[in-house]
Enquirer: 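The structure follows.
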Amino acid sequence: MDPTSGDPVTVTLTISTSSNTTAGTFTVTISGSVTNGPSRTQNLSLTVTKDYAIAISNPSLMAYENANATYDGTLTSLNGYSSPVNLSCGPGAPPLCTVAPATVTPTASGAPFAVTVSSSQCGQYNFNIVAKGTDSVSTSHQYAVTFTSNSIAPPDYTLEITNPSLSAPINTSATFNGTLTASQCYASPVNLSCGSGAPPTCKASPASVTPTVAGAPFTVTVSSSKIQNYGFSISSVGTDPLAIQHVALVSFNSTAASGFGFSLTNSSGAESIKAGQTATYGLQVAPTAGTFPDVVTLTYADCPTLSVCSLTPTQVDAGKAATAVTLTIQTSAPVVASGQSSRLFCVLWLMLPGLAMIFAGGVRHSCRRGTVLVGCWALLLTLLSTLSACGGGLQGGSTAAAEPGTPAGTYTVVVTGAMNNAPGLPTKSVSVSLTVK
């Protein structure tokens, strides 16, 4: 190098020590010389202090709720460090975090220690294991670790709509209010959408929501330019590996912009019965104000298979106010097929009188053989003419067919009320749920 007074050169001196370097203060001399010229020296002071190093061999751990996990650590002495070191868990550690032993004296080969962690709640904990020496300067070090507490049960969430039945005039918006509530450690974003049969305008906001334990809110805004009732589902699909999905059934009634309106509501909850039993639902049809200016005709759709549905009454006359309506669903139980009836008993029973007469005639020696023969022929003709009373005489009888009954499953029956002569043809629908076991 060729330094000048106007262009000095920066020189860096790097000194590396080993872990067994003796602690102390050392003088380091730097010498500089110019060929055939002057030389200069610069003395530097280097102090090597006693120290130690902390290491964790497994810094990332995972366990189920209330189960323990253990970090394995060592304290290694540097430059002859021999003071005891206190170990602890830093901020952000899980509820259970203990170090054993809590005080360790580092050694050149590494003194071992263990940190046990656990949590009763699912979640991820990022924290430090802290080491603080008892030397005069309290030499301290820390090591970053991560602990994840998982639930044994599969993560899940719930979808709830607080106002599942809405009505609004055409071209007017209505808003469903919903919440996504996390359970069992669920923390993935969930995408929201409207299912088939939704009105032309149906938008969730926000479209993606991460469920929380307290319940994360969202809204779904709907509208239509047609007078129509829409029964559809609001669907949620998680971004978790299992793509957990939930749906909520809702209905939106798009009514005439002006004219008379009414409501059709279901005051009963979902029913669950066995095949062969009857489910009854209480409904109410009511005008928005005053009385009905026209007849409201009530109908149902999607009655369960092999069941009988009925409405009482089937219409609400003009001039009436709020009216209670009963929907009855009579399911059918399975019927086992019956076997062919036995004919033997019937035949023997019909033959018994004839056999008795023949026996009596045979033992009466005073009767003529001709009389006995005529009696036998008469009995035979009587027997043949009456065998039909046993279900076809000597021919095989019929076998009754099996009845499967109402199949098990969950059914949604839709009840619709319509004012066919009112302006705008107001129509309302309500759904009831039936589970057949």
Side-chain angles (χ1 to χ4, degrees), residues 52-76 84-106 110-133 140-162 178-193 204 206-218 234-248:
Y52 64 90
I54 181 173
I56 303 296
S57 61
N58 53 340
S60 180
L61 293 178
M62 180 181 68
Y64 289 120
E65 292 173 329
N66 298 312
N68 293 339
T70 301
Y71 296 101
D72 299 316
T74 56
L75 289 180
T76 302
V85 175
N86 296 322
L87 295 164
S88 62
C89 299
L96 174 64
C97 187
T98 58
V99 184
T103 301
V104 178
T105 299
F113 65 91
V115 180
T116 301
V117 291
S118 179
S119 177
S120 61
Q121 297 178 345
C122 55
Q124 180 170 299
Y125 301 87
N126 299 306
F127 62 103
N128 292 314
I129 296 174
V130 179
K132 185 175 183 179
S140 299
H141 296 285
Q142 60 186 16
Y143 202 100
V145 295
T146 299
F147 172 64
T148 302
S149 176
N150 290 328
S151 172
I152 296 177
D156 202 354
Y157 66 93
T158 59
L159 167 64
E160 181 183 7
I161 304 297
T162 57
T179 54
L180 290 176
T181 303
S183 61
Q184 307 297 347
C185 302
Y186 194 92
S188 300
V190 173
N191 297 321
L192 296 163
S193 62
S208 181
V209 179
T210 299
T212 64
V213 174
F218 67 90
I234 295 173
S235 176
S236 61
V237 180
T239 58
D240 57 278
L242 298 179
I244 297 175
Q245 181 176 9
H246 293 288
V247 295

Enquirer: In the structure I gave you, are the side-chain heavy atoms of Pro106 and Thr76 within less than 4.5 Å of one another anywhere?
Expert: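 Counting from C-beta outward, Pro106 and Thr76 never come under 4.5 Å.
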Enquirer: Would you say the side chain of Ile234 lies within less than 4.5 Å of the side chain of Val247, judging by non-hydrogen atoms?
Expert: no
Enquirer: Cut-off 3.5 Å, side chains only: do Asp156 and Ser183 have a donor facing an acceptor?
Expert: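 Result is no, nothing qualifies.
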Enquirer: Can you tell me how far the SG atom of Cys185 sits from the CD1 atom of Ile152, to the nearest 0.5 Å?
Expert: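 Nearest 0.5 Å value for the SG-CD1 distance: 10.0 Å.
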Enquirer: When rounded to the nearest 0.5 angstrom, what distance separates OG in Ser118 from CG in Asn66?
Expert: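 Going from the OG atom of Ser118 to the CG atom of Asn66 covers 6.0 Å.
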Enquirer: Side chains of Val237 and Val190: closer than 4.5 Å at any heavy-atom pair?
Expert: no
Enquirer: For Thr239 versus Tyr186, what's the shortest heavy-atom pair and its separation?
Expert: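 Closest pair (atom of Thr239, atom of Tyr186, distance): N-OH, 4.0 Å.
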Enquirer: Under 3.5 Å, is there a donor-acceptor pair linking the side chains of Gln245 and Ser235?
Expert: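 A pair is found: one side chain offers a donor N or O, the other an acceptor, under 3.5 Å apart.
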Enquirer: Please determine which of Thr210, Leu180, Thr212 meets the side-chain contact (heavy atoms from CB on, under 4.5 Å) test together with Tyr157.
Expert: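 Of the listed options, the one satisfying the test is Leu180.
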Enquirer: Can you name the nearest heavy-atom pair linking Ser149 to Gln121, along with the distance?
Expert: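 Between these two residues, the closest heavy atoms are OG-O, 2.9 Å.
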Enquirer: Carefully, step by step, assess Thr146 and Asn126 under the rule side chain to side chain donor-acceptor pair (under 3.5 Å).
Expert: CA-CA 5 Å; Thr146 299; Asn126 299 306; 3.0 Å; yes
Enquirer: Other residues, nucleotides and ligands only: do more than 12 of their heavy atoms fall within 6.0 Å of OH on Tyr64?
Expert: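 No, not enclosed.
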Enquirer: When you compare the side chain of Phe113 with that of Ile56, does any pair of heavy atoms fall below 4.5 Å?
Expert: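 Counting from C-beta outward, Ile56 and Phe113 do come under 4.5 Å.
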Enquirer: State whether the side chain of Ser236 and the backbone N or O of His246 hold a donor-acceptor pair below 3.5 Å, judged by distance alone.
Expert: yes
Enquirer: Would you give the length of the straight line joining atom CG of Leu75 to atom OG1 of Thr105, rounded to the nearest 0.5 angstrom?
Expert: 9.0 Å
Enquirer: If you take all heavy atoms of Asp72 and Asn58, which pair is closest and at what distance?
Expert: N-OD1, 2.8 Å
Enquirer: In the structure I gave you, are the side-chain heavy atoms of Asn150 and Met62 within less than 4.5 Å of one another anywhere?
Expert: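 Side chain of Asn150 against side chain of Met62, heavy atoms only: contact under 4.5 Å found.
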Enquirer: Please determine whether side chain to side chain donor-acceptor pair (under 3.5 Å) holds for the pair Tyr143 and Asn128, giving the CA-CA distance in whole Å, both sets of side-chain angles, and the decisive distance to 0.1 Å.
Expert: CA-CA 5 Å; Tyr143 202 100; Asn128 292 314; over 6 Å; no
Enquirer: Determine the minimum heavy-atom distance between Ile161 and Gly178, stating which atoms define it.
Expert: CD1-CA, 3.9 Å
Enquirer: Hey, what's the ring geometry for Phe147 with Tyr125, parallel, tilted or perpendicular (30° and 60° as the breaks)?
Expert: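 Parallel, since the angle between the ring planes stays under 30°.
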Enquirer: Can you check whether Ser119 reaches Leu96 side chain to side chain, under 4.5 Å on heavy atoms?
Expert: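 No, side chains not in contact.
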Enquirer: Just verifying a value: how many Å separate Ile244 CD1 and Leu159 CG, rounded to the nearest 0.5 Å?
Expert: 13.0 Å
Enquirer: Could you tell me the separation between the OG atom of Ser208 and the CG atom of Leu192, rounded to the nearest 0.5 Å?
Expert: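 One finds 7.5 Å between OG of Ser208 and CG of Leu192.
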Enquirer: Roughly how far, to the nearest 0.5 Å, is OG of Ser120 from CD of Glu65?
Expert: 7.5 Å
Enquirer: Taking all non-hydrogen atoms of both residues, which atom of Cys97 and which atom of Phe127 are closest, and how far apart?
Expert: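 Shortest heavy-atom separation between Cys97 and Phe127 comes out as SG-CE1, 3.9 Å.
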Enquirer: Could you tell me which non-hydrogen atom of Asn68 sits nearest to which non-hydrogen atom of Ala63, and how far apart they are?
Expert: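 Nearest pair, atom of Asn68 first, then Ala63: O-CB, 4.2 Å.
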